[in-house]
Structure formats: C-alpha cells, structure tokens
Trainee: 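Okay, handing you the structure first.
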Amino acid sequence: MEKEINGHKLKLFIRASEIKQKVQDLGSQITKDYAGKNLLIIAVLKGSFIFLADLMRSIDIDIEVDFIRASSYKNKMKPGKVDIVSKLEIPIKDRHVLLVEDLLDTGGTLEVIREHILSKRPASFKICALLNKRKDRKSEISLSYVGFEIYDKFVVGYGTDFAEQGRNLPDLYVIE
Ligand code: IMP
Ligand code: MG
C-alpha cells in the first residue's frame, strides 16, 4: 500500500538495507579513527536517535553517549534563532567528542551546538551526519562522516520526521 502523511504521498528513497550497510561502514571507520581513545558521542535530539542506536552498535571501542537538544524558533520576532534547550550531563573538557546528527540542511542548528561544545574545550571535535543536503550554507560546517549526500529533498523516516510523523518508518522516503 502507498504510504502517506497528512495527505502527502511518500516515495521510497533509501531502503533500510542500504542504510544498514552505510551505518556499518561509518561505524567501522569511526572504530579505526578513534582506536585507543575513549570517545564521547553527543547526539542531537530528536531526529538522530535511531541512527545513533544503530551507529553505536557498529562501533567497537569504548564510548559514552550524551544528548543535546536545540530548538529553532521560526517566527517574526527571532527569525531562525536556535537555542540549546537541554544541558549536557557528561563534562566535555579534554574529551574526544563526536557529534551525531540526522540531517544537515542550512547548518544553523549545528553551528550553535558546535560553538556551545567548543566553548567547553574538548580534546577534539568532529561531526557525523547521516544525511547532508548540501544547500547554500549560511555557515561553513565541515562534516567528517557523512552517510548520504542528498539534494533539496524533504525526507522522512529512520528517525527523521514530517510534522513529528514518520520517525518509525524503517526506510527513508521523500515527500512528494
Ligand atoms: P538546519 O539547522 O537547517 O541544518 O536543520 C537541521 C534540522 O532540521 C535537522 O536536524 C532536522 O531535524 C530538520 N530537517 C531539515 N531538513 C529536514 C528533512 O528533510 N526532513 C526532516 N527533518 C529535516
Ligand atoms: Mg535534527
């Protein structure tokens, strides 16, 4: 049966099997790159939680995990202002930090989170994103690990949402 959310048709974009393979490859690379180090993963809620769960289980070194949440208020008063709305529990100073995000679009969200983390002086800082939209970025964010490069599509599934729906879909879809 064809899937829809709020009357919008969903078109299959990346199958769960292909995502699984990609996530395993990312995990192997991260395992190699951080060998002998104690890694602290910081995942950006909510969209990254399914990606994080699979990625963590494909990393074969010691890791700790913490979560951060940012909110962007797109109204007339503060256009696109991003605020960090949840504090980290684990101290970051001198830690090797890998930020895990579902999707990078303008980079506005990650820019604010990155500055917050860097101000706490980690030993190293890298970003891993499952999806990169590669649009005109207002900020230069460099991604060390990327699952898939996508262009100008609105995606849903595998943790990402369309108006909070669709996070539970195992495959990734585009909204038609
Ligand atoms: P940015 O601040 O423009 O980079 O937006 C990044 C955040 O917006 C992502 O972490 C997602 O939560 C959300 N987002 C952007 N594009 C999409 C999409 O196509 N599907 C679902 N969420 C999206
Ligand atoms: Mg997100």
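This structure is a prediction, so every number in the text was calculated from the model and none was measured. The residues of the chain are indexed from 1 along the displayed sequence. Note that ligands are numbered from 1 as they come in the structure, with each ligand's atoms numbered from 1 the same way.
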Trainee: Rounded to the nearest 0.5 Å, what's the gap from CZ on F125 to CZ on R95? Could you check?
Mentor: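 Spacing of CZ (F125) from CZ (R95) equals 14.5 Å.
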Trainee: Give a yes or no on whether D25 atom CG has more than 12 heavy-atom contacts from other residues, nucleotides or ligands under 6.0 Å away.
Mentor: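 Atom CG in D25 is crowded, with more than 12 foreign heavy atoms closer than 6.0 Å.
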Trainee: Within ligand 1, which atoms have a heavy atom of E101 less than 4.0 Å away?
Mentor: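 The atoms of ligand 1 under 4.0 Å from a heavy atom of E101 are 10 (O).
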Trainee: In this structure, would L172 and I5 fall into the same cluster of hydrophobic residues linked by side-chain contacts under 4.5 Å?
Mentor: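 Different clusters: L172 never reaches I5 through Ile, Leu, Val, Met, Phe, Trp or Tyr contacts under 4.5 Å.
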Trainee: Only heavy atoms count here, so choose which of D105, D152, I150 is nearest to atom 5 (O) of ligand 1.
Mentor: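 Considering heavy atoms of D105, D152, I150, the nearest to atom 5 (O) of ligand 1 sits in D105.
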Trainee: Where do L10 and E4 come nearest, in terms of heavy atoms and distance?
Mentor: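 Taking L10 first and E4 second, the nearest heavy atoms are CG-CA, 4.2 Å.
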Trainee: Assign the ring pair H96 / Y34 to parallel, tilted or perpendicular, where the plane angle (0 to 90°) is split at 30° and 60°.
Mentor: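 If you compare the ring of H96 with that of Y34, the planes turn out perpendicular.
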Trainee: Look at atom 19 (O) of ligand 1 and find which of E111, K46, K133 reaches it with the closest heavy atom.
Mentor: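 Selected option, by shortest heavy-atom distance: K133.
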Trainee: Atom CD of residue position E89 - does it have more than 12 heavy atoms of other residues, nucleotides or ligands inside 6.0 Å?
Mentor: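 Atom CD in E89 is not crowded, with 12 or fewer foreign heavy atoms closer than 6.0 Å.
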Trainee: Students often mix this up, so state it plainly: with edges at 30° and 60°, are the rings of F162 and H8 parallel, tilted or perpendicular?
Mentor: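 Judged by the thresholds at 30° and 60°, the geometry between F162 and H8 is perpendicular.
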Trainee: Geometry only, no angles: is F154 polar-contacting ligand 1 at N/O separations under 3.5 Å?
Mentor: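 No.
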Trainee: Select the closest option to atom 7 (C) of ligand 1 among V155, L103, N132, judged by heavy-atom distance.
Mentor: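 It is L103 whose heavy atom sits nearest to atom 7 (C) of ligand 1.
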Trainee: Check for me whether G107 has a heavy atom closer than 4.0 Å to any atom of ligand 1.
Mentor: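 True for this residue.
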Trainee: What about L110: any of its N or O atoms under 3.5 Å from an N or O on ligand 1?
Mentor: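 In fact, backbone or side chain, L110 has no N or O that close.
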Trainee: Under 4.0 Å from a heavy atom of K153: which atoms of ligand 1 are those, numbered in the order shown and with their elements?
Mentor: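 Once the distances to K153 are compared, the set is 19 (O).
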Trainee: Any heavy atom of V156 sitting closer than 4.0 Å to ligand 1?
Mentor: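 For ligand 1, residue contact (heavy atoms, under 4.0 Å) with V156 is absent.
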Trainee: Output yes when the distance from some N or O of ligand 1 to some N or O of T160 is under 3.5 Å, and no in every other case.
Mentor: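 N/O-N/O distance under 3.5 Å: no.
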